[in-house]
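Some notes on the structure that comes next.
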Amino acid sequence: MATVENFIETKYRDLGVRISIEYIDLYGVFSNRKLQEIFSTIHSMFVENFRAMNSRLPTNQCTAHYWADNSRELLLAFDVLNGLERVLTTTNNAFVVDPYYKDIIAKSSSFLESSGGSVIPQGMNKVEIYYTEPIFRKKDSVKISSSPAEQQYADLQQIGFGSYATVYSFVDPFYNRKFVLKRANANLNSKEIERFKQEYEQMKKLSSPHIIEVYRYDLTKNEYIMEYVDFTMKDYIEKKNPMVEERKKIVNQIFHAFKFIHSKNVLHRDISPANIMIKTYDDVNVVKVCDFGLVKIPDSDLTSVDTILKGCYNDPALITEGFKNYNILHETYALTRLVAFIITGKANADKIADRKLKTYVEKGLSPDKSKRFQSVDEMATAFRYI
């Protein structure tokens, strides 16, 4: 009689060259290394092939064609998963599939074909892709769920409104903590919705104490939850009027945040005192960067078209150069203006009295881009001498 270990080895070999450890950190709770790699591989297959399916969705009142190769890959993943679920059910590696994905697997299994492609039925919505959450959990692990949405959002208070989204605060009764709900406006077209979702996905990927933390995205309502932060930079500077040393600490945190952002090959493109936040603790104030709706990511067609010169601190030269040509020298320009505001408290930094600060700002805002700060590292080094 075949052993459990032999069955795991068989399924491992069935996956062959597909084996991927990209998501293996999510499955360290399982004791068998090859089982960890199998779950990581199936997770990777789900990411790749459901993302491909999403490019054909939502189907609304029509059907859509889904490619044969992707269909076969998902069917293989389902087959391996079903076998493991059956064989491991009485072992210490017994697992459950995340309820959301269990439903997606059931829906997909009803229309996927192994040859000639598949017809995606009417009404199929886009699949939420899990990048940082496990899809498969040990049976003895616990997933905490909060209160029902109706109760959770019962006390929504609008705190902001823009062309893309409306922002609310609410107190979650389960955690007894305040959170923020950001909901896409109803009049957005499909590309604008994709940009809104890209903002969420980008913040989800950027793991740093200086990036606003975001939580689960609701595909049905196009909204997501994020941490509550106490002040915008504009409100903090104007209302709290911090001492000079505190202002310098804030600037250095901003440099740290943007060095991290740029290390990920990302440009923010919408830097302003409204998009940099301050979260206050008893012993420290922490800078939080938010609003990645205009973020520029290489190879993203969502950033290839010209966009309105939205950021209030953006380089006016972009009007003629075109927003699609935004680069690091435009980013350091906006950051220079932000530094000037934080230190002086004034939106117009033309009449700066301090000679060293004035020289610093003039360099960062120079019309001759070759004279500007070429990186955030260069900005941070020069700032030490002010």
Side-chain angles (χ1 to χ4, degrees), residues 43-78 97-131 133 135 148-150 152-153 156 161-168 181-205 214-226 292-295 297 299-308:
H43 193 130
S44 179
M45 292 169 74
F46 280 5
V47 169
E48 179 181 353
N49 294 290
F50 280 125
R51 199 159 53 189
M53 187 183 292
N54 282 347
S55 69
R56 316 294 292 166
L57 298 173
T59 49
N60 297 325
Q61 302 303 312
C62 306
T63 59
H65 178 79
Y66 185 51
W67 302 283
D69 287 345
N70 298 107
S71 298
R72 283 192 289 271
E73 289 292 292
L74 283 177
L75 287 171
L76 172 61
F78 297 167
V97 181
D98 178 271
Y100 173 76
Y101 264 85
K102 195 172 185 67
D103 182 57
I104 293 298
I105 291 169
K107 287 180 180 176
S108 302
S109 298
S110 68
F111 64 80
L112 289 177
E113 299 288 346
S114 59
S115 62
S118 306
V119 177
I120 305 174
Q122 296 178 16
M124 185 75 177
N125 290 316
K126 291 192 174 183
V127 177
E128 182 177 356
I129 306 298
Y130 286 13
Y131 293 102
E133 294 186 39
I135 298 174
E150 297 78 19
Q152 186 180 31
Y153 300 160
L156 284 180
F161 181 84
S163 56
Y164 273 80
T166 304
V167 182
Y168 306 89
L181 177 74
K182 189 166 186 178
R183 179 178 292 161
N185 294 333
N187 61 345
L188 300 189
N189 60 39
S190 59
K191 192 158 190 175
E192 289 167 334
I193 289 291
E194 284 301 306
R195 188 178 288 118
F196 179 78
K197 287 169 61 181
Q198 176 184 269
E199 175 183 22
Y200 163 82
E201 290 168 358
Q202 190 59 55
M203 286 191 286
K204 193 75 173 174
K205 291 177 185 176
V214 296
Y215 309 109
R216 182 69 62 84
Y217 190 99
D218 187 332
L219 283 165
T220 61
K221 297 180 180 178
N222 286 309
E223 63 187 24
Y224 61 88
I225 299 170
M226 56 186 174
F292 283 74
L294 294 182
V295 66
I297 306 171
D299 304 323
S300 171
D301 62 357
L302 295 179
T303 58
S304 63
V305 295
D306 281 332
T307 308
I308 297 172

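The CD1 atom of Ile225 lies 9.5 Å from the CZ atom of Arg216; values are rounded to the nearest 0.5 Å. Glu128 contributes atom CD, which lies 10.0 Å from atom OG1 of Thr220 (distance to the nearest 0.5 angstrom). Atoms CG and OH, from Asp218 and Tyr200 in turn, are 10.5 Å apart once rounded to the nearest 0.5 Å. Asn125 contributes atom CG, which lies 7.0 Å from atom NZ of Lys107 (distance to the nearest 0.5 angstrom). Distance check: Gln202 CD to Arg195 CZ gives 14.0 Å after rounding to the nearest 0.5 Å. The CD atom of Glu201 lies 8.0 Å from the CD1 atom of Ile129; values are rounded to the nearest 0.5 Å.
Taking the six-membered ring for Trp and thresholds of 30 and 60 degrees, Phe46 and Phe78 have ring planes more than 60 degrees apart, a perpendicular arrangement. Aromatic ring pairs are classed by plane angle as parallel below 30°, tilted from 30° to 60° and perpendicular above 60°; the pair Tyr100 and Tyr130 is parallel.
Separation of the Phe111 and Tyr66 ring centroids does not fall under the 6.0 Å cut-off.
For the pair Asn222/Leu188, no side-chain contact is recorded, criterion being any heavy-atom separation below 4.5 Å from C-beta on. Contact of the Tyr164 side chain with the Glu199 side chain is not registered, since no non-hydrogen atoms from C-beta on lie closer than 4.5 Å.
Contact check on Glu194 versus Lys197 returns a salt bridge, with a Lys/Arg side-chain nitrogen under 4.0 Å from an Asp/Glu carboxylate oxygen.
The nearest pair of heavy atoms linking Thr59 to Gly123 is OG1-N, 2.9 Å.
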*Working for side-chain contact (heavy atoms from CB on, under 4.5 Å), residues Trp67 and His65*: CA-CA 7 Å; Trp67 302 283; His65 178 79; 4.3 Å; yes
*Does the side-chain contact (heavy atoms from CB on, under 4.5 Å) test come out yes or no for Lys204 and Tyr217, once each step is laid out?*
CA-CA 10 Å; Lys204 193 75 173 174; Tyr217 190 99; over 6 Å; no
*Kindly indicate, with the supporting measurements, whether the criterion side-chain contact (heavy atoms from CB on, under 4.5 Å) is fulfilled by Met53 and Met124.*
CA-CA 10 Å; Met53 187 183 292; Met124 185 75 177; 4.3 Å; yes
*Steps toward side-chain contact (heavy atoms from CB on, under 4.5 Å) verdict (Lys182, Val214)*: CA-CA 10 Å; Lys182 189 166 186 178; Val214 296; over 6 Å; no
